[in-house]
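The block underneath contains the structure these notes are about, expressed in structure tokens.
Basis for what follows: all heavy atoms, side chains included, without hydrogens, waters or symmetry-related copies. Start at 1 with the first residue, then count along the sequence.
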Amino acid sequence: MSLEDLKLGLRNIADSDYPQIKKLMDLVYPDIGGAWPESTIRQLVEEFPEGQICVVDGDDVVGIALTALVSYQKFSNPHTYDDLIGREEEIHVDPEGDALYGLDVLIHPDYRGYRLGRRLYDARKELCRQFNLKGILAGGRIPNFHQYSDEMSAREYIGKVSRKEIYDPILSFQLSNSFTVKRLLRRYLPEDEKSAGYATLLEWDNILYEPEERPISTRKTQIRVGVVQWQMRTIRSVEDILQQVEYFVDTVSEYESDFVLFPEFFNGALMGLTNQAQRTEAIRYLAGYTEQFRESMLQMAVSYNINIITGSMPLLENERLYNVAYLCHRDGTCEEQRKLHITPHERNDWVIEGGEGLKVFDTDAGKIGILICYDVEFPELARLLADGGMEVLFVPFWTDTKNSYLRVRHCAQARAIENECYVCIAGSVGNLPSVDNLDVQYAQSAVFSPSDFMFPHDAVLNETTPNTEMIMFSDLDLDKLKVVRAEGSVTNLRDRRHDLYQLSIRGELETTQS
């Protein structure tokens, strides 16, 4: 399967999906009876449509999560599979239930390895929060237990799986998704020979549960960003850098971040592998690796379920050189923003040209913009993006001295204040004597906010230690932007004098959608 051909998405299951669901369940569950009848799936869709979720690749259903609404009091205590499903395989859905019950999560074997199961679990958790339910319950099979049943009890087996001494494909996955084992269920599903009829009663607790309210939200309002302050270092191969990139992506995704931001020209150390006597040839040599980095980071975005702003890299197109940042969506699509304003150094030493076009990217975690380094020093660009609905601006930068860094920092902070948005900046640090034009770096990466009472007093949400390789995280509340834009102490966007001046762009501002 080609990564370029993936078009992953989440949606609710429809009645018309049953032929694909049957095929998928028959493939995954041949040992316990295969697919449920169409009447069971139809009942779930009719009685609790929000809880029936699928992962699709284009029009193909490649994973499903089936969920029932139940009474927490009843199903948090010992029960069997038959307590949930009647003789005609009718699900006992409780329309007044205060908990979710996970019936099934399954992924097509060809799509395993992309962590799609985690996406379905995350969607369930978000549904639980939106419906203000107590938590998620599930009866989990332990299909590897039959391999150990002669030497240990089911309870001992669960303990060893919890301590990672034994791997169980279902229980290990559930535990890695923040579920806890509440109790052991005996004769839960007697025909399940691999589990010897046992199951674990698993629970995920909704810590935001409020008994008296049931608000339903249709958009993500809290997002998390991870910023990588990258250490330039001497390297021996492209694999050295890609390994470091994956380490950071893996680490940031472990903290459930929605985005990770890398710096401008973070892979510039590769120029040290070629003759740098001709600077234009060295940068073109670096451009030869750009497609490999784009493809590798796009695969990481899918595998680690995180949107990646790749920093920036040189792109050679029709013998013309550009500075481009890629947005690798976690659904498998990729978009780009080219640097529009080129510094004298880039123009004179590397013969880089400015790109065309400005975009607002509509992602699964808000509307974002990308301005590469020097571009953030031109306030018109961020204002155009704000007019297009941008909520978060990402700025990958590369600066060599503190004064050049401060130009980027002060301008980025101004963009956050005047456009009432969040701005994240990421730069590289350390010395690289072996690479001409990248021999010194200075950076202090940061996340800026609007300047008002609901934000930090200095409008700095977070910042790194200067000139030290590290990762920084910030949680961004998108609803606060709505409030500050409508009811802030000052309302910069609303109070502009359109009767006196106007800002326009040649053509139209492009808004893309993943």
Side-chain angles (χ1 to χ4, degrees), residues 225 227-230 232 245 259-268 283 286-287 289-290 293-294 297 307-317 320-328 334-361 363 368-386 388 390 392-400 404-416 419 421-428 437-438 441-448 505 509-510 512:
V225 298
V227 174
V228 176
Q229 186 156 283
W230 178 274
M232 288 288 190
V245 169
F259 297 96
V260 58
L261 172 65
F262 286 85
E264 180 182 26
F265 290 136
F266 73 93
N267 63 351
I283 194 69
L286 180 61
Y289 290 100
T290 293
F293 272 88
R294 188 190 74 84
M297 295 176 83
N307 300 301
I308 302 176
I309 296 94
T310 66
S312 79
M313 294 171 267
L315 174 68
L316 187 61
E317 184 178 85
R320 302 174 73 175
L321 202 61
Y322 301 94
N323 187 349
V324 59
Y326 294 105
L327 169 58
C328 297
C334 185
E335 302 179 273
E336 67 174 45
Q337 175 64 62
R338 300 188 180 188
K339 191 172 184 176
L340 305 183
H341 298 89
I342 304 302
T343 64
H345 155 63
E346 290 174 290
R347 184 169 54 249
N348 297 332
D349 291 347
W350 289 338
V351 197
I352 292 178
E353 301 182 33
E356 302 286 337
L358 186 64
K359 302 176 184 178
V360 174
F361 302 97
T363 76
I368 73 165
I370 303 172
L371 294 179
I372 303 172
C373 196
Y374 195 33
D375 277 344
V376 81
E377 299 178 28
F378 295 83
E380 299 89 349
L381 298 183
R383 178 52 54 85
L384 287 165
L385 292 172
M390 174 194 68
V392 186
L393 176 62
F394 291 95
V395 182
F397 71 91
W398 172 79
T399 52
D400 52 355
S404 59
Y405 158 73
L406 288 174
R407 284 197 303 270
V408 172
R409 179 189 177 97
H410 293 326
C411 289
Q413 191 159 20
R415 303 297 84 86
N419 295 298
C421 66
Y422 297 106
V423 179
C424 308
I425 66 172
S428 55
N437 287 344
L438 290 178
Q441 341 278 321
Y442 184 92
Q444 184 181 20
S445 305
V447 178
F448 306 118
I505 187 171
L509 178 71
E510 185 178 350
T512 69

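- The shortest side-chain heavy-atom distance between T310 and F293 does not fall under the 4.5 Å cut-off.
- Between W398 and F265, the ring center distance fails the sub-6.0 Å criterion.
- Nearest heavy atoms, V376 versus L393: CG2-CD2, 4.3 Å.
- A 4.5 Å side-chain heavy-atom check between M390 and F361 finds every atom pair outside the cut-off.
- Note that CD1 of I425 is 4.5 Å distant from OH of Y405, once rounded to the nearest 0.5 Å.
- Here the side chains of I342 and Y322 are not in contact, with every heavy-atom distance at 4.5 Å or above.
- Relative orientation of the W230 and F266 rings is perpendicular, given thresholds of 30° and 60° on the angle between their planes.
- Closest non-hydrogen pair, C328 versus C334, comes out as SG-SG, 4.0 Å.
- The shortest heavy-atom contact between N267 and L286 is O-CD1, 3.3 Å.
- In this structure, R415 and L381 have side chains that are not in contact, with every pair of non-hydrogen atoms separated by 4.5 Å or more.
- Side-chain contact between F259 and N307 is present, with at least one heavy-atom pair separated by less than 4.5 Å.
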Query raised in the report: Going through the distances and angles, do L371 and L358 end up as a side-chain contact (heavy atoms from CB on, under 4.5 Å)?
Result: CA-CA 9 Å; L371 294 179; L358 186 64; 3.9 Å; yes
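- Taking CG of L340 as the reference point, atom CD of E356 lies at 7.5 Å (rounded to 0.5 Å).
- Looking at heavy atoms from C-beta onward, E336 lies out of side-chain contact with R294 at the 4.5 angstrom threshold.
- The shortest heavy-atom contact between G388 and V360 is O-CG1, 3.9 Å.
- Distance check, rounded to the nearest 0.5 Å: CG of L321 to CG of L315 gives 7.5 Å.
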Report task. Quick one: do M313 and Y289 satisfy side-chain contact (heavy atoms from CB on, under 4.5 Å)? Show the steps, please. Result -> CA-CA 9 Å; M313 294 171 267; Y289 290 100; over 6 Å; no
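- Looking at F394 and V225, their side chains come closer than 4.5 Å, going by heavy atoms from C-beta outward.
- Scanning all heavy atoms of the two residues, the minimum distance from M232 to S428 falls at CE-OG, 3.9 Å.
- Between atom OG1 of residue T343 and atom CD1 of residue I352 there is a gap of 7.5 Å, rounded to the nearest 0.5 Å.
- If you take NE2 on H345 and OG on S404, they are separated by 11.0 Å, rounding to the nearest 0.5 Å.
- Taking every heavy atom of both residues into account, I370 and P396 meet most closely at CG2-CD, 4.2 Å.
- In this structure the side chain of S445 never reaches within 4.5 angstrom of the side chain of V228, judged on heavy atoms.
- Between H341 and Y374, the ring-plane angle classifies as perpendicular under the 30° and 60° cut-offs.
- One distance of note links CD1 of I309 with CD of Q337; it measures 12.0 Å at 0.5 Å rounding.
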